[in-house]
Structure formats: structure tokens, C-alpha cells
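In what follows, a single structure is set out as C-alpha cells and then discussed.
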Amino acid sequence: MQRTILITGGAGFIGSHVIRWFLEHYSGYRIVNFDLLTYAGNLENLRDVEHNEQYAFVKGDICSKEDVHKAFAKWQITDVIHLAAESHVDRSIHDPLSFVRTNILGTATLLNACREFWTDGGEHRFYHVSTDEVYGSLGADGLFTETSPYDPRSPYSASKASSDHLVRAYGHTYGVPFVISNCSNNYGSHQFPEKLIPLMINNMREGKPLPVYGKGDNVRDWLWVVDHARAIDAVFHKGILGETYNIGGYNEWKNLDLVHLLCDIVDEKLGRAAGTSRSLITFVTDRPGHDMRYAIDSAKISADLGWMPSVTFEEGLALTVDWYLANAEWLNHVTSGAYREYYDTMYTHRNDR
Ligand code: NAD
Ligand code: DAU
């Protein structure tokens with residue numbers, strides 16, 4: 001049986017890298033990109049593969065039974081890699097219900113379709129791409145492992161934790177064959193510039209304030225998005241059904257240190273005087289409920305599936321900055337219109353310290 005993989009959220013940041021990776025490395029699969037093209041989804045992210053005959057795009061809503069069933073029936077879907085989500089923590093604080101809808105109802109709608117369509121006794125796999133934020137926040141020490149208790153603390157992470165629970169419940173109750181991975185912060189090309197790294201690069205480019213929340217001492221563990229796509233490949237092909245794999249970069253940075261590093265890289269690449277971008281740093285009101293530290297123990301995926309990050313942070317960050325500086329048109333396009341209004345509302349009221 002030919003594998004036909006429904007990749008949800010394929011027009012977004014990580015999804016577009018996963019699609020490109022699978023098309024480049026597996027000639028026998030059909031890849032169906034199922035995406036609603038919300039503000040975060042952009043088919044420009046996949047211009048280079050849109051004519052690949054293994055690839056098809058379907059515009060659809062994961063919360064719509066009709067859209068999902070139509071795609072399963074038309075394409076005879078054998079596997080799902082589920083990335084579609086509302087993904088930005090700040091937005092979840094402003095509008096939690098859209099996160100409940102997309103991340104919880106959407107995941108359940110996909111799981112129901114798997115139950116209904118995968119009755120042929122063939123090999124199938126539902127892969128939920130999830131986040132380390134389900135484990136809550138760490139103090140100064142320790143790492144999240146696959147057995148860390150769930151303790152989500154934002155509407156976003158609570159909705160992702162709910163969707164993880166639903167995946168396991170459908171596995172346990174109905175026998176839906178699943179794997180889950182929980183990954184740390186990704187960075188790389190094509191990330192929507194509401195997230196820390198592309199937002200900072202874009203603002204440096206435009207000479208705008210660089211909004212650092214609180215004192216900038218929160219810590220994140222950064223992983224290059226292509227290394228996440230490689231990990232997804234490993235879990236999809238070699239992960240044991242019913243198992244969970246944590247994915248991280250062993251690459252912890254305090255936000256302020258990371259912003260300083262980015263300022264210096266961008267100034268150097270743009271030939272600006274040292275300190276030009278650093279002078280744009282503005283401390284703003286903290287994110288409500290801001291998780292202090294995330295850090296992942298990737299020992300299981302390394303030992304069991306042989307995955308390791310392939311680039312250093314210096315290499316990944318240099319590639320990333322180069323991409324944003326070379327793709328001003330992409331940045332201008334995705335930051336026009338509705339996004340601009342959202343950004344102005346967020347930062348006008350935050351910029352009060
Ligand atoms: P993104 O916001 O860039 O992309 C999300 C995609 O989902 C977009 O293309 C959007 O159009 C699509 N989408 C949203 N609602 C939809 C709906 N109702 N139906 C169909 N498509 C819909 O997100 P991302 O950063 O690429 O994250 C992808 C997944 O990986 C998410 O599930 C996220 O929780 C998870 N994740 C992200 C990170 C990270 O650092 N970005 C880390 C770990 C896990
Ligand atoms: O850990 C994985 C998660 O990483 C993913 O599940 C989420 O989808 C993804 O958005 C990301 O969540 P974060 O909240 O950690 O990422 P964000 O880029 O929004 O913020 C990173 C850190 O930078 C966080 O401590 C908040 C801070 N920050 C963020 C922005 C956008 C700022 O100080 N200023 C900013 O303008």
C-alpha cells in the first residue's frame with residue numbers, strides 16, 4: 001500500500017519544513033498538505049515544492065468533519081502528521097477560545113476520522129507534534145523528561161496538553177495507532193514574525209523597538225527547525241506506537257542574552273556600528289503567567305532513534321538571520337494587513353515601562 005500522509009498545518013513554519021524534508025527524502029510517499037491558511041499559514045513557504053507531483057494542497061479546517069472526511073476519502077489517507085494549531089502563547093492570552101477550538105476540537109475531529117477510516121487492518125499512524133510547554137515551567141535546575149507530570153500554565157499549553165491527552169485516550173479506547181513528540185522552541189526560516197527571534201530580526205531591520213518581556217531572564221531551549229523536521233522523520237518511521245519522545249537542543253538561552261547575540265549578528269551582517277541594534281532594546285510589561293524556564297532531556301530519542309541536532313546554534317542562527325535579511329519581501333508580505341493591526345495593539349499597550 002502506498003503511504004499517503006496528511007500533514008496538517010503544512011503551510012505554517014514547522015509544517016512547511018516537514019513537507020520539504022519528506023519530499024526531499026522519500027520518493028514513494030504522497031504528501032497532502034491540509035491547512036486552513038490562517039494568518040500563520042502561507043503557501044509562499046512552499047513555492048519551491050508546489051509543482052512536485054507527490055505533493056497536493058487541500059484548503060480545509062481541522063475542526064470541520066466535512067473538510068476532514070472529504071480529504072480522507074479523496075486521498076485515501078494512510079497516516080497523519082498533525083501540526084495544525086494556534087501556536088502563539090500571547091495570542092492565547094488574548095483569545096483563549098480560538099485555541100480551545102483549533103487545538104482541542106480540531107485534534108479530536110482528526111482522531112475521529114482516523115477511527116472511522118482506518119478499519120482495513122492496514123498499517124497506520126497518527127503522529128501528534130506537540131510542545132514541551134505541556135510540562136509547565138522549570139526552576140533553575142532540571143530537564144523535562146517524557147515522564148515529567150503535565151502542568152500546563154497558559155491557554156496555549158493547556159490546549160496542547162488536552163490534545164495530547166485526547167490522542168492517548170483515542171489510542172487506549174479505540175486503538176488509534178499513535179506517537180507523540182514534545183519539542184522545545186524552534187527557530188529558522190519561514191517563522192511568523194510574532195515569535196521572539198523573527199520578531200526581533202524584523203524590528204532590527206526596521207529600526208523599531210525590541211520588546212523584551214519583564215527583565216529578559218526567562219530561559220528557552222532553542223532547536224533549529226530542520227533538526228526538528230529530522231526528528232519528526234525519525235519518530236514517524238522508527239518511533240514505537242503509543243510512545244512519546246521529547247525533542248530539544250540542549251541549548252538554553254536567557255531571552256536578553258539571546259537578543260544581545262542577535263543584535264550583534266544583525267549589526268555585523270548589515271555593516272552597522274556595534275551597539276546600533278542593542279540601543280533599540282525596550283523592556284516591556286511581562287507576559288501574564290510567563291513560564292520561567294523550559295529545557296528538554298532528549299536522551300530517549302537519541303538512544304532509541306539515533307537522533308541528534310545536526311548544527312550548532314551559531315550555524316543555525318547565522319543561516320536564520322541570513323534568510324530573513326534576504327527575504328524582505330516575505331517579511332513585508334506577512335506583516336502587512338491584519339498582522340500589523342494585531343502587532344500595534346499588542347505593543348502599544350505593552351510598551352509602558
Ligand atoms: P504556525 O502557527 O507557524 O503554523 C500553524 C499552521 O496551522 C498554519 O499554517 C495555519 O494556517 C494552520 N492552521 C491553524 N488552524 C488551522 C485549522 N483550524 N485547520 C487547518 N489548519 C490550521 O505553527 P508552528 O510554529 O509551525 O507549529 C506547528 C506545530 O508544532 C503546532 O502544533 C505547535 O504547537 C507545535 N510546536 C511548535 C513549536 C515552535 O517552537 N514553533 C515547538 C514545539 C511544538
Ligand atoms: O517551547 C515550545 C513553544 O515555543 C511552542 O510550543 C510555541 O508554539 C512557540 O511559540 C514557543 O513558545 P514561547 O512562548 O516560548 O515562544 P515566543 O517566541 O513567543 O517567546 C520566547 C520567549 O521570548 C518567551 O520567554 C517570551 C519572550 N518574548 C517573546 C516575544 C514575542 C519577549 O521577550 N518579547 C517578545 O516580543
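Whatever order the structure lists them in is the order used to number ligands and atoms, beginning at 1. Quick caveat, the model's predicted, so the values are computed rather than measured.
Residues Asn255 and Trp253 form no side-chain contact, since every pair of their non-hydrogen atoms from C-beta on lies 4.5 Å or further apart.
Protein heavy atom closest to atom 21 (N) of ligand 1, with residue, atom name and distance, is Leu36 N, 3.1 Å. The single protein non-hydrogen atom nearest to atom 23 (O) of ligand 1 is Ser87 OG, 3.3 Å, given as residue, atom name and distance. Given atom 43 (C) of ligand 1, the protein heavy atom at minimum distance is Cys183 O, 3.4 Å. Here the heavy atom of the protein found nearest to atom 32 (O) of ligand 1 is Lys160 NZ, 2.6 Å. Among all protein heavy atoms, the one lying closest to atom 40 (O) of ligand 1 is Asn186 N, 2.9 Å. Among all non-hydrogen protein atoms, the one lying nearest atom 38 (C) of ligand 1 is Ile14 CD1, 3.5 Å. Shortest contact from atom 6 (C) of ligand 1 to any protein heavy atom: Gly9 CA, 3.8 Å. Nearest to atom 11 (O) of ligand 1 among the protein's heavy atoms is Asp35 OD1, 2.5 Å.
Listed for the Trp307 side chain is no donor-acceptor partner under 3.5 Å among the backbone atoms of Ile247. In terms of modelled atom types and a separation under 3.5 Å, the side chain of Asp221 and the main chain of Ile296 share a donor-acceptor contact. Ser298 places no side-chain N or O within 3.5 Å of a backbone atom of Ile301 that could act as its donor or acceptor partner. Of the possible donor and acceptor atoms, one in the side chain of Thr8 sits under 3.5 Å from a partner among the backbone N and O of Ala84.
For ligand 2, the atoms closer than 4.0 angstrom to any heavy atom of Tyr156 are 5 (C), 6 (O), 7 (C), 8 (O). Distances below 4.0 Å separate heavy atoms of Asp132 from the following atoms of ligand 2: 1 (O), 2 (C). Below 4.0 Å from some heavy atom of Lys195 lie the following atoms of ligand 2, by number and element: 10 (O), 18 (O). Short contacts between ligand 2 and Pro211, defined as distances under 4.0 Å to a heavy atom of the residue, involve ligand atoms 32 (C), 33 (O), 34 (N), 35 (C), 36 (O). Heavy-atom contacts of Cys183 reach the following atoms of ligand 2: 2 (C) (cutoff under 4.0 Å). Close approach of ligand 2 to Val212 is summarised as follows: ligand atoms under 4.0 Å from at least one heavy atom of the residue are 33 (O). The ligand atoms of ligand 1 that sit less than 4.0 angstrom from a heavy atom of Asn185 are 40 (O). Of all the atoms in ligand 2, the ones that sit under 4.0 Å from a non-hydrogen atom of Val89 are 14 (O). Shown in contact with His88 at under 4.0 Å from a heavy atom are these atoms of ligand 2, numbered in order with element: 19 (O).
Just one of Phe192, Trp323, Phe13 meets the ring-ring contact (aromatic ring centres under 6.0 Å, His included) condition when paired with Trp330; it is Trp323.
Heavy atoms of Thr102 approach ligand 1 to within less than 4.0 angstrom. Judged by the shortest distance from any of its heavy atoms, Ser64 lies outside the 4.0 Å radius around the atoms of ligand 1. The shortest heavy-atom distance from Ser184 to ligand 1 is under 4.0 Å. Residue contacts with ligand 1: Tyr156 is included, with a non-hydrogen atom under 4.0 Å away. Residue Ser130 places a heavy atom less than 4.0 Å from ligand 1. Residue-ligand proximity: His290 is placed with a non-hydrogen atom under 4.0 Å from ligand 2. Within the 4.0 Å heavy-atom cutoff, Ala85 does not count among the residues contacting ligand 2.
Classification of the Phe126-His82 ring pair by plane angle, with boundaries at 30° and 60°, yields tilted. Using a 30° and 60° split on the angle between ring planes, Tyr135 and Tyr150 fall in the perpendicular class, above 60°. By the 30° and 60° cut-offs, the orientation of the rings of His290 relative to Tyr213 is perpendicular. Relative orientation of the Tyr26 and Tyr29 rings is parallel, given thresholds of 30° and 60° on the angle between their planes.
The number of heavy atoms from other shown groups lying within 6.0 Å of NZ (Lys238) is above 12. For NZ of Lys254, the number of neighbouring non-hydrogen atoms (other residues, nucleotides, ligands) closer than 6.0 Å is 12 at most.
Ionic pairing of Arg230 and Asp227 is present here: one or more N-O contacts between side-chain nitrogen and carboxylate oxygen are shorter than 4.0 angstrom. The pair Arg101-Glu86 does not meet the salt-bridge criterion, since no charged nitrogen lies less than 4.0 angstrom from a carboxylate oxygen. Classification of Glu50 and Arg47 as a salt-bridged pair holds, one side-chain N sitting under 4.0 Å from a carboxylate O. For the pair Lys59 and Asp35, the salt-bridge criterion is not met [side-chain N within less than 4.0 Å of a carboxylate O]. Arg125 and Asp79 are not joined by a salt bridge, as no carboxylate oxygen comes within less than 4.0 angstrom of a charged side-chain nitrogen. A salt bridge links Arg293 with Glu252: the closest approach of a Lys/Arg side-chain nitrogen to an acidic carboxylate oxygen falls below 4.0 angstrom.
When the heavy atoms of Leu196, Asn218, Thr282 are ranked by distance to atom 18 (O) of ligand 2, first place goes to Leu196. Of the listed options Asn185, Leu258, Asn186, Asn185 places a heavy atom closest to atom 11 (C) of ligand 2.
The heavy-atom pair separating Cys263 from Leu210 by the smallest distance is SG-CD1, 3.6 Å.
Considering backbone and side-chain N/O of Cys63, none are found under 3.5 Å from N/O of ligand 1. At under 3.5 Å, a nitrogen or oxygen of Thr38, whether backbone or side chain, sits near a nitrogen or oxygen of ligand 1. Polar contact check, Phe34 against ligand 1: no nitrogen or oxygen pair lies under 3.5 Å apart. Ligand 1 has an N or O atom lying under 3.5 Å from an N or O atom of Ile62, backbone or side chain. Ligand 1 has a nitrogen or oxygen under 3.5 angstrom from a nitrogen or oxygen of Phe13. The shortest N or O to N or O distance between Tyr294 and ligand 2 is not under 3.5 Å. Checked against a 3.5 angstrom limit, the closest N/O atoms of Ser87 and ligand 2 fall inside it. Between Arg101 and ligand 1, not a single N/O pair is under 3.5 Å apart.
Under 4.0 angstrom from ligand 2, the non-hydrogen atoms of Glu194 all belong to its backbone. Counting heavy atoms under 4.0 Å from ligand 1, residue Asp132 does not touch it at all. At a heavy-atom distance under 4.0 Å, only backbone atoms of Ser184 (N, CA, C or O) approach ligand 2. Residue contacts with ligand 1 for His82 are absent, since no atom lies close enough (heavy atoms, distance under 4.0 Å). Looking at Asp221 against ligand 2, nothing comes within 4.0 Å, counting heavy atoms.
Taking the ring centre of Tyr39 as origin, the terminal cationic atom of Arg91 falls inside the region bounded by 6.0 Å and 45° from the ring axis.
Both Ile31 and Trp21 belong to a common hydrophobic cluster when Ile, Leu, Val, Met, Phe, Trp and Tyr are linked at side-chain heavy-atom distances under 4.5 angstrom.
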